[in-house]
Amino acid sequence: MGLLDILLGRSKPVAPDLDQLFALPSAAITLQAAAGFTPTGTGAVCFATVEGGAFAEARQEVQALLDADAERGGPPVEVSRDEYGYSWLVSRREPDDLPALVSDLHAVNSALEGSGFGPQLLCSVASFQGSDQRRLGIVYLYKRGTFYPFAPLAGTGQQRDNALELQIKAALTDDLRIEQDLSRWFPIWGAPGLG
């Protein structure tokens, strides 16, 4: 970063640190103790779809890699598209196997990044559920290298439980690199596992 960047207030973007995803299993213990939320076994990686053979091939390779996992129970990895045009690669595991789910999310991000499609990666999310059936997503922002909670309110259209999100932020501060800029806590309406 040069002097001109400093004077104009520009800063280097934070490099993604995909290994931060491996902090999720220990954060899940804190999340359960502090707020009663447990993993649902659903996680997803969101990316901006790119047209072209190279991207389609990379996505198919990632999907085939995860589908080949002989220990995977339930449905294979699936690809869906939301109403905003973003693609989601969804992995489902047993709810008590969060480490395997995190490995899936890491593998998808790493494979797409390694194929040169890092700029298309937006976020990853692991889904949690409270004893009262409320849903919560712990979202990893790829381009920021940080996490934030997303708590949609069920049956209210597109509204969030901001108080719960701030409670979760406080609870997970020691476990995860939490995004401090609340304006970057983007709503991920329609994310797999949160509907």
Side-chain angles (χ1 to χ4, degrees), residues 11 13-14 16-48 80-106 108-109 121-195:
S11 63
V14 175
D17 180 4
L18 293 175
D19 290 344
Q20 291 293 317
L21 289 168
F22 292 116
L24 273 172
S26 64
I29 295 168
T30 302
L31 191 56
Q32 184 172 7
F37 281 86
T38 57
T40 65
T42 301
V45 175
C46 181
F47 51 92
S80 66
R81 198 171 204 162
D82 65 22
E83 63 185 274
Y84 304 103
Y86 296 109
S87 294
W88 295 86
L89 200 140
V90 184
S91 178
R92 299 185 197 288
R93 294 287 188 159
E94 292 298 318
D96 61 348
D97 199 2
L98 186 58
L101 180 66
V102 167
S103 292
D104 289 350
L105 299 177
H106 188 276
V108 171
N109 280 291
L121 289 167
L122 302 174
C123 69
S124 298
V125 62
S127 176
F128 292 81
Q129 182 172 318
S131 56
D132 55 1
Q133 305 305 311
R134 288 187 297 174
R135 292 292 178 140
L136 173 72
I138 301 299
V139 182
Y140 175 75
L141 287 172
Y142 177 80
K143 290 176 176 65
R144 302 277 296 173
T146 56
F147 293 87
Y148 69 91
F150 174 67
L153 284 170
T156 61
Q158 293 187 344
Q159 293 184 351
R160 307 166 72 156
D161 187 342
N162 298 106
L164 176 61
E165 291 176 357
L166 293 174
Q167 175 191 353
I168 300 304
K169 173 189 183 247
L172 296 180
T173 296
D174 293 336
D175 294 287
L176 300 174
R177 187 184 301 160
I178 299 293
E179 176 59 53
Q180 296 302 313
D181 182 354
L182 299 185
S183 70
R184 295 196 182 267
W185 290 22
F186 305 110
I188 51 174
W189 306 119
L194 295 178

For this session: Decide yes or no on side chain to side chain donor-acceptor pair (under 3.5 Å) for Thr42 and Ser127, but give the supporting numbers first.
Result: CA-CA 6 Å; Thr42 301; Ser127 176; 5.6 Å; no
Problem set entry | Full working for side chain to side chain contact (heavy atoms under 4.5 Å, CB included) between Phe186 and Tyr148 | CA-CA 9 Å; Phe186 305 110; Tyr148 69 91; 3.9 Å; yes
Exercise. Stepwise, does the side chain to side chain contact (heavy atoms under 4.5 Å, CB included) test hold for Tyr142 with Cys123?
Worked result: CA-CA 5 Å; Tyr142 177 80; Cys123 69; 5.9 Å; no
For this session: Given side chain to side chain contact (heavy atoms under 4.5 Å, CB included), test Val102 with Leu98 step by step and report yes or no.
Result: CA-CA 6 Å; Val102 167; Leu98 186 58; 4.2 Å; yes
For this session: For side chain to side chain contact (heavy atoms under 4.5 Å, CB included), just list the numbers for Arg134 and Asp161, CA-CA rounded to whole Å, side-chain angles, deciding distance to a tenth of an Å, and then say yes or no.
Result: CA-CA 10 Å; Arg134 288 187 297 174; Asp161 187 342; 3.4 Å; yes
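Using a 4.5 Å heavy-atom threshold, the side chains of Leu31 and Thr38 count as separate. Inter-residue side-chain proximity for Pro99 and Asp97 is flagged as met; some heavy-atom pair is nearer than 4.5 Å. Counting heavy atoms from C-beta on, the side chains of Thr40 and Arg135 come closer than 4.5 Å. Side-chain contact between Leu164 and Asn162 is absent, with no heavy atoms from C-beta onward closer than 4.5 Å.
Dense packing is recorded around CG of Asp181, with more than 12 heavy atoms of other residues, nucleotides or ligands lying under 6.0 Å away.
For Asn109 (side chain) and Leu105 (main-chain N/O), a donor-acceptor pair under 3.5 Å exists by modelled atom type. Not a single donor-acceptor pair under 3.5 Å links the side chain of Lys169 to the backbone N or O of Gln180. Without hydrogens or angle criteria, Tyr84 side chain to Ile188 main chain gives no donor-acceptor distance under 3.5 Å. The closest donor-acceptor contact from the side chain of Arg144 to the backbone of Glu179 lies at 3.5 Å or more, if one exists at all.
Between the CG atom in Asp82 and the CH2 atom in Trp88 there is a gap of 6.5 Å [rounded to 0.5 Å]. Note that CD1 of Ile168 is 11.0 Å distant from CG of Leu176, once rounded to the nearest 0.5 Å. To the nearest 0.5 Å, atom OH of residue Tyr140 and atom OG1 of residue Thr146 are 7.5 Å apart. Note that the CG atom of Leu141 and the CG atom of Leu122 stand 9.0 Å from one another [nearest 0.5 Å]. Note that the CG atom of Leu101 and the OG atom of Ser124 stand 10.0 Å from one another [nearest 0.5 Å]. Here the straight-line distance linking atom OG1 of Thr30 with atom CG of Asp175 works out to 3.5 Å at 0.5 Å rounding.
Here the shortest heavy-atom pairing between Phe22 and Pro25 reads O-CD, 3.3 Å. Here the closest non-hydrogen pair linking Ala48 and Tyr86 is CA-CD2, 4.0 Å. Contact between Leu18 and His106 at its shortest, heavy atoms only, is O-CD2, 3.2 Å. Nearest heavy atom pair, residue Leu194 against residue Gly137, reads CD2-N, 3.6 Å. The heavy-atom pair separating Phe128 from Ala126 by the smallest distance is CD1-O, 3.5 Å.
The salt bridge (charged side-chain N to carboxylate O under 4.0 Å, His left out) pairs that include a residue from residues 32-43 number zero, where partners must be two or more places apart or lie in different chains.
For the side-chain contact (heavy atoms from CB on, under 4.5 Å) with Pro149, the qualifying choice from Gln167, Glu165, Arg160 is Glu165, the only one to do so.
Outside the 6.0 Å centre-distance limit, the rings of Phe147 and Trp185 are not counted as a close aromatic pair.
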